[in-house]
2 protein chains.
Amino acid sequence: MTKKTPKTTSKKSKERSEPHARTRAAHAQETAEDYVEAVFDTVQEKGECRVLDLARHFAVSHVTVSRIVGRLKQEGLLETAPYRPITLTAKGNRLAKRSKKRHQIVLEFLLSLGVDQKTAEIDSEGIEHHVSEATLAAMKRHLKTRH
Amino acid sequence: MTKKTPKTTSKKSKERSEPHARTRAAHAQETAEDYVEAVFDTVQEKGECRVLDLARHFAVSHVTVSRIVGRLKQEGLLETAPYRPITLTAKGNRLAKRSKKRHQIVLEFLLSLGVDQKTAEIDSEGIEHHVSEATLAAMKRHLKTRH
DNA sequence: CACGCAATGTAGCATATGCTACGGATGAAG
DNA sequence: CTTCATCCGTAGCATATGCTACATTGCGTG
Ligand SMILES: [Mn+2]
Ligand SMILES: [Mn+2]
Ligand SMILES: [Mn+2]
Ligand SMILES: [Mn+2]
């Protein structure tokens, strides 16, 4: 056997695989973050949040929303009952505030780079979920010094 | 009927839903981009790219890789045959180069913000797929002026 | 050139998130 | 209090991406 490559996962390849594993973990949290944000905003704006409000917000069918709301309820982030409005639990409220804060910083950061408003809103919606505490801190520094 | 809210999707809610639709579209492209990048790098580094190379790279099972490689072959990005190495098509090569370039800029950009190497590598792996041409251009400008 | 291990493929399962079609619940208006 | 439009839930389907267990191929070694 020539054995140019190790059979087991090398230290180097483990390092390379970690970013992808982290990205998958971020995507697993993404729906929860976007949903509690949306519930928070909708309640603020129109007093209550309904399944159809979220369906319109995300541009998906009410069926998709209904199922996801059920799961997030199981996870203790949302409260709801059949044909009733959706509210945030204390836990959901904390996640919403944390997520909104991070989202806002990412958005302002992109704007500070000179990205136009619409593009900044689009890109920040995806980027926010992949911004670690360290990167968020760096963005805050940039906003304070350069702005 | 009090009709506080319009039944149909308002212009405002359409604007709000667009970022989420864009994020979903980005995620639909993400696997393809990461895979062609990985194939490109692996071929460069060790002469050929095997299913297990990608499995280690992404830290997933060889089964997951095998299925995805089959799909990307159908999409015309990869070439392969049973028990044979994986290669890029011309189309796959173009996507790989484009993706690698963008990934590299995002990484360097995060480093230029003062983010540590490991964190920058992790965050850029997820962020890259959500960076539009406009934001990428803004990052390039930042790298030229501030660095 | 036969053997056996490593690599790859296949079967079958799970979860997450999309959809359409249809049926039941709610509540505003008469 | 009945009616009926709107909202919501459920059934059933699809795709993408994870997994384990098992079958098969291929190749280096003896
Ligand atoms: Mn958000
Ligand atoms: Mn988001
Ligand atoms: Mn990536
Ligand atoms: Mn993402």
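Below, chain A is the first sequence line, B the second, and so on; all start at residue 1. The figures here come from the full heavy-atom set of this structure, side chains too, leaving out hydrogens, waters and symmetry mates.
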Just the rounded figure in Å: distance from [atom2] of [N] to [atom1] of [X].
| X | N | atom1 | atom2 | value |
| --- | --- | --- | --- | --- |
| A/F58 | C/dT17 | CZ | P | 11 Å |
| B/Y83 | D/dT24 | OH | P | 9 Å |
| B/R84 | C/dA7 | CZ | C1' | 11 Å |
| B/I86 | C/dT8 | CD1 | P | 7 Å |
| B/R56 | C/dT8 | CZ | C1' | 13 Å |
| A/L54 | D/dC8 | CG | C1' | 13 Å |

Practice item. Spell out, yes or no, whether A/I105 and B/M139 are grouped together once hydrophobic residues are joined by side-chain heavy atoms under 4.5 Å, including indirect joins. Key: yes
Review point. Do B/T135 and A/D123 get their side chains close enough for a donor-acceptor pair, meaning under 3.5 Å?
Key: yes
Check your understanding: Does one side chain, of A/T23 or A/H130, offer a donor that lies under 3.5 Å from an acceptor on the other?
Key -> no
Check your understanding: Which residues in residues 28-35 of chain A have at least one heavy atom lying under 4.0 Å from any atom of DNA chain C?
Key -> A/T31
**Study point:** Near-strand residues of residues 68-79 of chain A, defined as heavy-atom separation under 4.0 angstrom from DNA chain C
**Key:** A/I68, A/R71
Review point. side-chain contact (heavy atoms from CB on, under 4.5 Å) with A/L72: which of A/T80, A/L78, A/L95?
Key: A/L78
Between [N] and [X], is there an OP1 or OP2 to side-chain N/O distance shorter than 4.0 Å?
| X | N | value |
| --- | --- | --- |
| B/S66 | C/dG9 | yes |
| A/T64 | C/dT17 | no |
| B/R24 | D/dT15 | no |

Review point. Are A/H62 and D/dC7 stacked, counting the six-membered base ring, centres under 5.5 Å, planes under 30°?
Key: no
Exercise for review: Could you tell me the separation between the CZ atom of A/R98 and the CG atom of A/N93, rounded to the nearest 0.5 Å?
Suggested key: 10.5 Å
Point to revise | Reported CG-to-CD distance for the pair B/L88 and B/E37, which is rounded to 0.5 angstrom | key: 11.0 Å
Check your understanding: Across the strands shown, which category fits A/R67 at heavy-atom distances under 4.0 angstrom: base, sugar-phosphate, nothing?
Key -> base
**Study point:** Test side-chain contact (heavy atoms from CB on, under 4.5 Å) applied to B/Q29 - qualifying residues, sequence neighbours left out
**Key:** B/E33
Review point. Got a sec: does the CZ of B/R22 have more than 12 other heavy atoms crowding it under 6.0 Å?
Key: no
Check your understanding: Taking the six-membered ring for Trp, are B/H27 and A/H129 ring centroids under 6.0 Å apart?
Key -> no
Check your understanding: Taking the nucleotide of DNA chain D with the closest heavy atom to each, which residue, B/A59 or B/R50, is nearer the 5' end?
Key -> B/A59
